[in-house]
Visitor: 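Sending over a structure as structure tokens; questions will come in a sec.
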Amino acid sequence: MKLNNTGLQNREAWQKAGYSLPEFNRAAVEQETKKHPRWIHFGAGNIFRAFQANVMQELLNKGICNTGLIVAEGYDYDIIEKMNHPHDDYSILVTLKADGSIEKTVVGSIVESLALDSKNEPEFERLKDIFRNPSLQMASFTITEKGYSLVDGKGQLWEVVIADFLKGPKAPESYLGKVSSLIYERYLSGQLPLALVSMDNCSHNGTKLSQAITAFAEKWTENGLAEKGFLNYLNNPGKISFPWSMIDKITPRPDSKVQEILAGDSIDDLTQLVTSKNTYVAPFVNAEECQYLVIEDHFPGGKLPLDKAGIIYTSRETVDKVEKMKVCTCLNPLHTALAVFGCLLGYQLISEEMKNPALKHLVELIGYQEGLPVVVDPGIINPKHFIDEVLNVRIPNPFMPDTPQRIATDTSQKLAIRFGETIKAYLSSEVLQVSDLKMIPLVFAGWLRYLMAVDDEGNAFTPSTDPLLDSLSPIICKLTLGHTENAEAVLRPVLENADIFGVDLYKAALAEQVLSYFKELSAGPGAVNATLVKYVL
């Protein structure tokens, strides 16, 4: 069986092998989409193929929509040229369930894929045509949080961005410069309305997108390269909106075990590809069953009925509450705790850690006992039910090949949000006492112990990448297992750094607790496990 238009004509063979297939007339949908596009998405990666594309397929299958998705990739053109086009834009979604079962779905809702490349004249012109079309209602994005930044790690504008500021909208080369030029085409076509929806996993994502697009408009109008009305157009919420959203779905890179399952169904050409830009793609995508997408209801040109397929439209305030619920309490802090101790204890899978009674109880205490009391209930998702699902379904899922090493990446950038906000809530509470926090300080101490780059058996390991690793490692290296007598003097500059922890741990009266835990965790080989058992069980 082949994953393309020709191969899928043999529907019976696919269905016999257990695959759910598109139930709509794809040729008719493709024709209607090209005439009257409603949704274009930027970012052809795995999360889009597993989530948004499958949501649109559900709407098409139900007959709720008659147009499909157009996807554009502006960073890694290989995804389009070497994966989408050879398979006629079809892909296979393998949903990995916690009970050990899988669902296999052929997704055909993507009916056109294009390279967002200003040097590719035919495809860039096609993108301009799409943006000139009055029917277009939404342009959405999954380009990662870094995709919205116009500056490098030192805060300096990227050279390609500077060049685009000077050249104008005709042939930009930066990702958001190219997007801005398409929006300018829409402005020139009668100031047509459009919602620009970031669906990336970052706080206040719509604002990040707005700031980047507006920066191009300001420079282009300032330099006389675009009409001055363009900036007014972007700032008119009746014409252009930048809704906030919260997305949550774990979609790891394609798994070789999943490839073996599909190969057993006699599907040809399932070869995975690592592109020249180090993107991992395959004709299939594997993902967990749980998913959430909450979007601010602000669509000046009308909106797609995504709420008919489980997407939630709500207010900006509610989106913010849901995002904080997830990031500050109910999911991300639990992941970080498991990542830190998982690396120290030699685990290779997050799911395996949930078989360790101490680690399992640690994240239960962080979520239910320390975090839940300060969560603001968003009203549309029950926080306790969310934690229940995270701890009982999502993290223990044996099919999800997520590693503590991956999640431990950039931990210094995560602690302030994932734990610091909870500490602040305790400090400002008239009822809760910060002294009642025991597990969050244990995680902080565990992270400092992790920075020693020695596991619980005394073996050296390489910490995951982190922007502060080069500055923190020389401090931590002054301490060794069994020799932490001067820990307070060595670690004080770190513990009082509010940029890392969200608060000065001395002023929050938590530094002493963190230091005490750290000394016990660093007593020698086996001390990490012993300390967890002592304080958690």
Side-chain angles (χ1 to χ4, degrees), residues 3-5 22 26 29-30 33-34 37-57 60 67-94 105-120 122-124 126-128 130-131 136 138-148 173-179 182 196-201 205 209 245 247 249-254 269-287 291 293:
L3 185 66
N4 55 28
N5 283 326
R26 193 168 188 251
V29 168
E30 179 180 353
T33 304
K34 289 185 175 181
R38 297 179 68 189
W39 182 4
I40 184 169
H41 184 87
F42 292 93
N46 293 324
I47 181 67
F48 162 71
R49 294 162 66 205
F51 197 168
Q52 289 91 341
N54 196 43
V55 164
M56 178 52 75
Q57 173 135 314
L60 289 166
T67 56
L69 266 164
I70 301 169
V71 66
E73 174 55 46
Y75 173 72
D76 196 336
Y77 307 137
D78 281 351
I79 299 175
I80 299 296
E81 296 167 5
K82 298 181 179 180
M83 196 57 60
N84 282 63
H85 289 169
H87 295 284
D88 296 327
D89 291 322
Y90 283 104
S91 64
I92 297 172
L93 168 61
V94 181
T105 305
V106 174
V107 178
S109 61
I110 303 167
V111 294
E112 187 174 9
S113 56
L114 301 159
L116 177 62
D117 180 4
S118 57
K119 295 177 181 178
N120 186 331
E123 297 206 3
F124 201 59
R126 170 59 186 149
L127 286 165
K128 289 180 180 180
I130 292 167
F131 270 76
L136 188 66
M138 175 168 68
S140 57
F141 301 80
T142 50
I143 60 175
T144 77
E145 184 170 5
K146 293 179 182 178
Y148 302 97
E173 295 187 32
S174 65
Y175 202 129
L176 291 183
K178 291 178 284 188
V179 171
L182 296 177
L196 298 159
V197 187
S198 169
M199 296 180 179
D200 272 296
N201 185 21
N205 44 23
L209 176 59
S245 73
I247 191 168
K249 186 177 181 72
I250 298 174
T251 310
R253 65 179 55 166
D269 192 17
L270 291 169
T271 306
Q272 298 188 42
L273 172 70
V274 182
T275 70
S276 58
K277 293 193 173 180
N278 206 38
T279 304
Y280 289 74
V281 290
F284 63 91
V285 57
N286 36 255
Q291 60 186 34
L293 179 55

Visitor: Quick one: are Asn54 and Gln291 in side-chain contact, heavy atoms under 4.5 Å?
Guide: no
Visitor: Start with the C-alpha gap between Lys82 and Tyr77, add the side-chain angles, then the distance that decides, and say whether side chain to side chain contact (heavy atoms under 4.5 Å, CB included) holds.
Guide: CA-CA 8 Å; Lys82 298 181 179 180; Tyr77 307 137; over 6 Å; no
Visitor: Under a 3.5 Å distance rule, please check whether Glu81 uses its side chain to pair with a backbone N or O of Met83 as donor and acceptor.
Guide: no
Visitor: Is there a donor-acceptor contact under 3.5 Å from the side chain of Thr33 to the main chain of Gly68?
Guide: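 Judged by distance alone, yes, a pair lies under 3.5 Å.
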Visitor: Is it true that atom CZ of Arg253 has more than 12 heavy atoms of other residues, nucleotides or ligands lying nearer than 6.0 Å?
Guide: no
Visitor: Nearest 0.5 Å please: distance from the OG1 atom of Thr67 over to the CE atom of Met56.
Guide: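 Rounded to the nearest 0.5 Å, the OG1-CE separation comes out at 5.5 Å.
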Visitor: Does Lys249 reach the main-chain N or O of Phe51 with its side chain, forming a donor-acceptor pair under 3.5 Å?
Guide: no
Visitor: Start with the C-alpha distance between His87 and Ile110, add both sets of side-chain angles, then the distance that settles side chain to side chain contact (heavy atoms under 4.5 Å, CB included), and finish with yes or no.
Guide: CA-CA 11 Å; His87 295 284; Ile110 303 167; over 6 Å; no
Visitor: Please tell me if the side chains of Asn201 and Ile47 come closer than 4.5 Å, counting only heavy atoms from C-beta onward.
Guide: no
Visitor: Rounded to the nearest 0.5 Å, how far does CD1 of Ile143 lie from NE2 of His41?
Guide: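 One gets 9.0 Å once the value is rounded to the nearest 0.5 Å.
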Visitor: Minimum heavy-atom separation for Pro252 to Asn46, with atom names?
Guide: O-ND2, 4.3 Å
Visitor: Specify the closest pair of heavy atoms between Pro254 and Asn286, including all atoms of both residues, with the distance to one decimal.
Guide: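 Looking at all heavy atoms of both residues, the shortest contact is CA-OD1, 3.4 Å.
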Visitor: Would you give the length of the straight line joining atom CZ of Phe42 to atom CG of Leu127, rounded to the nearest 0.5 angstrom?
Guide: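 Going from the CZ atom of Phe42 to the CG atom of Leu127 covers 6.0 Å.
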Visitor: Rounded to the nearest 0.5 Å, what's the gap from CD1 on Ile79 to OG1 on Thr279? Could you check?
Guide: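 Here the interatomic distance stands at 4.5 Å.
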Visitor: Working note: Asn4 + Asp269, criterion side chain to side chain contact (heavy atoms under 4.5 Å, CB included); need CA distance, chi angles, decisive distance, verdict.
Guide: CA-CA 11 Å; Asn4 55 28; Asp269 192 17; over 6 Å; no
Visitor: Quick check: do Leu93 and Arg49 have side-chain heavy atoms less than 4.5 Å from each other?
Guide: no
Visitor: Are the side chains of Leu116 and Tyr75 in contact, using a 4.5 Å heavy-atom criterion?
Guide: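 With C-beta onward as the side chain, the pair stays apart.
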Visitor: If every non-hydrogen atom of Ala72 is compared with every non-hydrogen atom of Tyr175, which pair is closest and at what distance?
Guide: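 The pair with the smallest heavy-atom distance is O-OH, 4.1 Å.
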Visitor: Using modelled atom types only, decide if a donor and an acceptor are shared between the side chain of Asn205 and the backbone of Asp200 within a distance under 3.5 Å.
Guide: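 Yes; judged by distance alone, with no hydrogens or angles, the pair exists.
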Visitor: Have Asp89 and Ser113 got a donor and an acceptor in their side chains that come within less than 3.5 Å?
Guide: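 Side chains of Asp89 and Ser113: pair found under 3.5 Å.
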Visitor: Which distance, rounded to the nearest 0.5 Å, do you find between the CG of Leu270 and the CG of Leu3?
Guide: 8.0 Å
Visitor: Between CG of Leu196 and CD1 of Ile40, what distance do you get to the nearest 0.5 Å?
Guide: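 Rounded to the nearest 0.5 Å, the CG-CD1 separation comes out at 11.0 Å.
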Visitor: Under 3.5 Å, side chain of Gln57 to main-chain N/O of Val106, donor-acceptor pair present?
Guide: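 Present.
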Visitor: Donor-acceptor check, side chain of Glu123 to backbone of Ala115, threshold 3.5 angstrom: yes or no?
Guide: yes
Visitor: Using modelled atom types only, decide if a donor and an acceptor are shared between the side chain of Ser118 and the backbone of Glu173 within a distance under 3.5 Å.
Guide: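 Checked: no pair found.
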Visitor: Tell me, do Ile130 and Leu114 make a side-chain contact under 4.5 Å, heavy atoms counted?
Guide: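 SC-SC contact between Ile130 and Leu114 confirmed.
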Visitor: Report the C-alpha distance between Phe131 and Leu136 in whole Å, list the side-chain angles of each, state the deciding distance to 0.1 Å, and finish with yes or no for side chain to side chain contact (heavy atoms under 4.5 Å, CB included).
Guide: CA-CA 7 Å; Phe131 270 76; Leu136 188 66; 4.3 Å; yes
Visitor: Taking the side chain as everything from C-beta on, heavy atoms only, tell me whether Val197 gets closer than 4.5 Å to Met199.
Guide: yes
Visitor: Is any NZ, NE, NH1 or NH2 atom of the basic residue among Arg26 and Glu30 found under 4.0 Å from an Asp or Glu carboxylate oxygen of the other?
Guide: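 No, Arg26 and Glu30 are not salt-bridged.
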Visitor: Would you say that more than 12 heavy atoms from the other residues, nucleotides or ligands in this model lie under 6.0 Å from the NZ of Lys277, or not?
Guide: yes
Visitor: Closest approach of Ala50 and Thr251, non-hydrogen atoms and distance?
Guide: CB-CG2, 3.9 Å
Visitor: Flag the pair Leu209 / Phe141 as yes when at least one side-chain heavy-atom distance between them is below 4.5 Å, and no otherwise.
Guide: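 In short, these two side chains touch, coming nearer than 4.5 Å.
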Visitor: Restricting to non-hydrogen atoms, name the atom on Tyr148 and the atom on Ser198 that form the minimum distance, rounded to 0.1 Å.
Guide: OH-OG, 2.8 Å
Visitor: Below 4.5 Å, heavy atoms only, C-beta onward: do Pro22 and Tyr90 meet side chain to side chain?
Guide: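 Yes, close enough: below the 4.5 Å cut-off.
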